[in-house]
**Student:** 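Right, I'll just put the structure down here and ask away after.
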Amino acid sequence: MRSGIVFILLIMSLAGCGEKKSQTESSSVSQAPVILLQSDLQELNKIDTTGFEEFDQTHYRLMTKIFGGLSPQNFKAFLDARLKYFFSETDPDVDVVPRSVMDQSWMRDDRKATQRVVRGAANIGTQFWLAALVAQTPVTFIFHGARIPITSSRVGIMLIGEGYVSETENDVGKRVSLPVAYRHSMLFHEARHSDCTGGISQSDVAVIRNSRNVREFAARNTAKECGHLHVYCPRGHQFEGYAACDGTAWGSYAIGAVYAKAVANNPNQSNLDFNIMKATAIDSESRLLVPLGTNPDVSSSGLRD
Amino acid sequence: MSSRSLLIAVVLPWVAILLYQALNPVQKKENVQLQDFSVIAPTPAASSSVFQSQSSSMTTSESVRKPILELAPTQKMLRKEVMENVHQTPPSMLKFAATLAARLDEAEASEEAADRVFFELKDCVLNPAGAINTQALCLSNAKRLAGKKPRFQSHYEDTESRASDEVVRLSR
């Protein structure tokens, strides 16, 4: 079923959650990112929470409000509720049926495909769910022989790409390990895309259905907190023109940023871990277009009248 | 004590000292020149002592390290990477973070390195052409270094006061 996932990759261009990629590029990606991910999920049970309490106290209890507490079990539960199926870009045994549901006008990006695309992780479950709602058609995700009906934004289907890495290098070419917390913050970001906060109305769905392409969808979408899809960064922003910003409070970048900042608050960590987490927090926070407030709503609902 | 004895005991030694100094002007001048030279252009030995903790274990590539300002990714570079991968922290930002971590390690091991690193961080923060994310990361590191070496605290406060509000906000 290799053609299935290639098909999914080719048509995905929804507000930063997926990009066009050729089959040639796709076939060069290994299973290594998924193996790394499995290890990272195990590490959730051993999260070093030093500094979290102090951070939480000085930041309106944001960690507790988002994750439900400060223990490793809380963070694991947050992910488990939102991400369930993980696969790589080379996985031959995944597909979505009917495929036609993933070829709707509001998903299309008419711009020329970029020359090179690197994907770290992308939560595509919410995209499948929205596609089913808009098309008014039941959609099923085929995952290693299992048939998973897509009935909720929290179906939790996660694509892991070659950008999901364990190392970086410094200026003299020395390879250094990225802290697992860096990838955890990436997973919390993706997990947030599973939340359809406030639900989605029939009129919201109609607006999506009538959008002629993904840019029009991004501009007209009235259910901006459903899936917390990214928006195009406005004129004057450092990433102007790219779907790399959050236009509502407490979207995915904010969730990732809070976690990264809390980890960076650990007084015992190395200069390397501090810098990686701080860079992650700064990057995420720089993409927020609106003030956050102090009361994140991490609930999720479905279709409403 | 007679006036003659007083002359021999007190005045003559001073006269002798003054005479000696008057007869050895070249030696004194040489000493002054050496001191001046050592300040203006340190000898190899003096120079290596400044970076003693690093020099013995440095590789060739490490010994020609660029200033932090030159290593910070540009806005253009960050935009290119975001175009390729919209979702994530740009790889050049992670690389820059790893580089700053190595610099902080050096700064913690040597006072001379600390001086150099702190003021390189300051240059990075206040670079008018810099990307705000790199400026904010530099300011975070300046704060971390000032926290470990209080002699930089006033310099940090000065740097923060001159940074843009956005850079200060992101650095916190």
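Numbers restart at 1 for each chain; the letters A, B, ... are given by sequence-line order, proteins then strands. Not measured: the values here are computed from a predicted model.
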**Student:** If we only count heavy atoms from C-beta on, is the B:His87 to A:Glu190 side-chain gap below 4.5 Å?
**Tutor:** yes
**Student:** Of all heavy-atom pairs between B:Leu94 and A:Thr280, which one has the smallest distance, and what is that distance?
**Tutor:**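 Scanning both residues, the minimum pair turns out to be CD2-OG1, 4.5 Å.
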**Student:** With chain A, which of B:Met93, B:Arg103, B:Gln88 has the greatest number of heavy-atom pairs at distances under 4.5 Å?
**Tutor:** B:Gln88
**Student:** Answer with side chain, backbone, both or neither: which region of B:Lys148 has an atom nearer than 4.5 Å to a non-hydrogen atom of chain A?
**Tutor:** side chain
**Student:** What pairs meet the salt bridge (Lys or Arg N to Asp or Glu O under 4.0 Å) rule with one or both residues in residues 158-168 of chain B, with sequence neighbours excluded?
**Tutor:**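 Pairs touching residues 158-168 of chain B that pass the test: B:Lys122-B:Asp158, B:Asp158-B:Arg162, B:Glu160-B:Arg172, B:Glu166-B:Arg169.
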**Student:** Heavy atoms under 4.5 Å from chain A: which residues of residues 130-144 of chain B carry them?
**Tutor:**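 Heavy-atom contacts from residues 130-144 of chain B to chain A are B:Ile132, B:Asn133, B:Ala136, B:Leu137, B:Ser140, B:Asn141, B:Arg144.
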**Student:** Can you confirm whether more than 12 heavy atoms, excluding those of A:Arg235, are under 6.0 Å from its CZ atom?
**Tutor:** no
**Student:** Using every non-hydrogen atom in the two residues, find where A:Glu169 and B:Ala98 come nearest and quote the distance to one decimal.
**Tutor:**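 Closest approach of A:Glu169 to B:Ala98: O-CB, 4.0 Å.
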**Student:** Write down the atom of B:Ala102, the atom of A:Asn170, and the distance for their closest heavy-atom approach.
**Tutor:**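 Reported closest heavy-atom pair: CB-ND2, 4.3 Å.
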**Student:** Less than 4.5 Å to any heavy atom of chain A: does that hold for the side chain of B:Leu71, its backbone, both, or neither?
**Tutor:** side chain
**Student:** Under 4.5 Å heavy-atom distance to chain B, tell me which part of A:Ser270 shows up: side chain, backbone, both or neither.
**Tutor:** backbone
**Student:** Nearest heavy-atom pair of B:Val86 and A:Tyr253: which atoms, and what distance?
**Tutor:** O-OH, 3.3 Å
**Student:** Let me see the working for A:Phe239 and B:Leu78 under side-chain contact (heavy atoms from CB on, under 4.5 Å), right down to the final yes or no.
**Tutor:** CA-CA 8 Å; A:Phe239 301 138; B:Leu78 294 174; 4.1 Å; yes
**Student:** Using heavy-atom distances under 4.5 Å, tell me whether B:Glu108 contacts chain A through its side chain, its backbone, both, or neither.
**Tutor:** side chain
**Student:** Check this for me: A:Lys224, atom NZ, are more than 12 non-hydrogen atoms of other residues, nucleotides or ligands nearer than 6.0 Å?
**Tutor:** yes
**Student:** Identify the heavy atoms of A:Ile276 and B:Ala97 that sit nearest to each other, and give their distance.
**Tutor:**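 Closest approach of A:Ile276 to B:Ala97: CD1-CB, 3.9 Å.
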**Student:** Between A:Lys278 (side chain) and B:Ser171 (backbone), is there a donor-acceptor pair under 3.5 Å?
**Tutor:**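 Such a contact is found between A:Lys278 side chain and B:Ser171 backbone.
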**Student:** Has A:Gln238 got a side-chain atom pairing as donor or acceptor with B:Gln75's backbone, closer than 3.5 angstrom?
**Tutor:**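 Side chain of A:Gln238 to backbone of B:Gln75: no pair is present.
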**Student:** Taking all non-hydrogen atoms of both residues, which atom of A:Asp283 and which atom of B:Pro90 are closest, and how far apart?
**Tutor:**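 Shortest heavy-atom separation between A:Asp283 and B:Pro90 comes out as OD1-CD, 3.4 Å.
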